[in-house]
> 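Structure incoming, see below.
Numbered from 1 within each chain, the chains take letters A, B, ... in sequence-line order.
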Amino acid sequence: MSHQPTTAEATQWRRRSGTLWRWTIDSLLVQPPDSDELLALDVPGQALWEALREPRTLTQAAEIIADSAGAPPDLIASDLVPVLEELERAGALQRVE
Amino acid sequence: MSRPADPALTAVAGVDLPGAVPLPAEPLDPSRWRALIAAVQGQRLVGQLARAVTAGMPVTDEQRREAAELHHAAMGQAIALERRLLALADAFDDAGVAHRVLKGSAVARLDYPFPEQRAFADLDILVPAGRLEAALDVADRLGYARYRPELRAGFDRRFAKSVTLAHPDGHELDLHRTLTLEPFGFTIDLPALFDGGALFTVGGRTLLALERELRFLHACYHAVCGAWPPETLALRDVAQILLAREGLDLDRVRDLARAWRAEAVVAHAVAAAWERLGLVAPHPLRDWAECYEPTEWERRALAVLHTPQRRQRERARVALGVLPPAERVAYLRALALPSGSFLRARDSGRLGWLRRARAAVGGGP
């Protein structure tokens, strides 16, 4: 299966239905559907998860996070790429076709 | 009934409730912290501790790390249980078994501001009495097994509070026919539990819980007729459902409690919640609870539940008074003549069981 690159401007991302999550004192636990694995997201992952309450592109998510983090959206976006890829690989996020 | 000795535990147990005891002003010393952690674990108040820490309760770095580890484990367990809950809900739907999620995930998601504030350790699902056997078949296909055989064929769907099942991964599922043990479990209008329902969402899937007034009554039953003395988390649920949001219909609560002969249960639960959590907030149901005089039957029913043994024969004596005559015969027959498989599982002789059953009816020792 060939995918567009993660950074493709038009690609929207969403939380995959059936994914379960809970905040903890210092982390966010996420479990994709059909998996027993618990992912403990760090701060960039938590911010991304929150930004993807509704489907968004990487750029849109980075702009939302940049607003609260006070950092340039480009820098945020580059930090988010590996997180996005990991969450997609784990099955917690999916592209909106 | 006594309040927790340390006000820090009372404050954590009541965190965010109106009129609750204030959180400590500085980090607890090591011995008080150890005692707090032990109590939090014993009373399953990890969600409340996490909320207290994130709400600004002063803690050392080490204490924060310890609280975070406990919360991490509790929330991991909640996720694992909700995964199983989703599988059960799908399977019940496929089999045409109506169901309502009780306690745990339902209360965490419907009655607390954030589900992270309410830990839980098992699953509780209510099914119609007439569909309990179908529900047990569904659970069996998903790998659940009951701890002990049925007392006698048909007993569970007619008289049991619930059937407790174990999953190979170690968690428990209580499949409920009613909300509490006899005697009070016999006076609940079971079909009414399925009138309406409250929707909540887990992982994008919609599930059904009891309506809010029924959740409140169930919390009261659990607090007063479950473990004795009441668990602090059970009392927190009572206060949470009553105080945390507007809109609980108190008239409906009292009408249902009266119809189900459970006014003493509600009064007891509310009074105990205020006492244990150190609440000072006025509330009309608390005022009513302070003045409520239990009926003679309620006194006897509470008395048998609040003895250390809570023996079935004692509960049966009180329960017989509220069973229709035809049901009394079947109930007593089941107590007197349990199935062979039940007896073998109990490693008990029939004569011993018969003596106990006779004592239930005739009052012998």
Side-chain angles (χ1 to χ4, degrees), chain A residues 11-58 60-61 64-65 68-70 83-97, chain B residues 12 40 46-57 59 61-87 89-90 104-105 108-109 112-120 167-171 200-207:
Chain A
T11 302
Q12 281 201 319
W13 298 85
R14 57 179 290 176
R15 298 171 180 174
R16 192 165 158 222
S17 179
T19 299
L20 303 179
W21 72 93
R22 280 283 200 292
W23 288 93
T24 71
I25 288 177
D26 57 6
S27 183
L28 174 64
L29 300 180
V30 175
Q31 187 184 64
D34 310 318
S35 169
D36 290 332
E37 186 184 7
L38 269 183
L39 309 170
L41 304 191
D42 57 11
V43 173
Q46 295 166 21
L48 177 63
W49 193 258
E50 278 296 283
L52 294 181
R53 281 175 180 273
E54 53 190 78
R56 290 196 165 96
T57 65
L58 173 63
Q60 289 168 334
I64 288 170
I65 297 168
S68 55
V83 183
L84 206 52
E85 289 174 344
E86 184 191 343
L87 288 173
E88 184 190 28
R89 199 165 40 242
L93 292 181
Q94 65 182 143
R95 297 163 195 249
V96 181
E97 302 296 343
Chain B
V12 166
V40 159
V46 178
Q48 283 70 28
L49 176 64
R51 172 59 192 152
V53 169
T54 56
M57 174 177 159
V59 288
D61 289 348
E62 175 62 18
Q63 289 171 349
R64 183 183 175 90
R65 186 191 58 74
E66 191 172 0
E69 282 179 4
L70 287 176
H71 196 223
H72 185 110
M75 294 302 100
Q77 183 179 39
I79 288 173
L81 288 168
E82 287 189 333
R83 181 69 66 204
R84 298 294 181 191
L85 176 62
L86 292 175
D90 285 344
S105 178
R109 291 181 175 276
Y112 284 77
F114 300 100
E116 291 82 4
Q117 295 177 17
R118 173 57 159 85
F120 49 95
H167 191 271
D169 75 6
H171 79 270
F200 69 106
T201 303
V202 176
R205 192 211 196 277
T206 301
L207 299 170

> Would one find more than 12 heavy atoms of other residues, nucleotides or ligands at under 6.0 Å from atom CG of B/Asp169?
yes
> Given that the side chain runs from C-beta out, which part of A/Thr19 has a heavy atom under 4.5 Å from chain B: side chain, backbone, both or neither?
backbone
> Below 4.5 Å from any heavy atom of chain B, which atoms of A/Leu38 appear? Answer side chain, backbone, both or neither.
side chain
> Who among B/Ala78, B/Ala50, B/Pro115 has the most heavy-atom pairs with chain A under 4.5 Å?
B/Pro115
> Yes or no on side chain to side chain contact (heavy atoms under 4.5 Å, CB included) for B/Glu82 and A/Arg22, after CA distance, side-chain angles and deciding distance?
CA-CA 11 Å; B/Glu82 287 189 333; A/Arg22 280 283 200 292; 2.9 Å; yes
> Does any heavy atom of chain A fall under 4.5 Å from the side chain of B/Arg205, the backbone, both, or neither of them?
neither
> Shortest non-hydrogen contact from A/Thr24 to B/His71?
CA-ND1, 3.3 Å
> Give, as side chain, backbone, both or neither, the part of B/Ala74 having an atom under 4.5 angstrom from any heavy atom of chain A.
neither
> Rounded to the nearest 0.5 Å, how far does CD of B/Gln77 lie from CG of A/Leu29?
12.5 Å
> Check each atom of B/Leu86 against the heavy atoms of chain A and say whether the ones under 4.5 Å are side chain, backbone, both or neither.
side chain
> Out of B/Ala67, B/Ala80, B/Ala68, which one racks up the most heavy-atom pairs below 4.5 Å with chain A?
B/Ala68
> Any idea which heavy atoms bring B/His72 and A/Ala40 closest together, and the distance?
CE1-CB, 4.2 Å
> Would you give the length of the straight line joining atom CE of B/Met75 to atom CD1 of A/Ile25, rounded to the nearest 0.5 angstrom?
10.0 Å
> Could you look at B/Val53 and say if it's the side chain, the backbone, both or neither that has a heavy atom under 4.5 Å from chain A?
side chain
> What's the spacing between B/Arg64 CZ and A/Asp26 CG if we round to 0.5 Å?
6.5 Å
> Out of curiosity, B/Glu116 CD to A/Trp21 CH2, how far, rounded to the nearest 0.5 Å?
10.0 Å
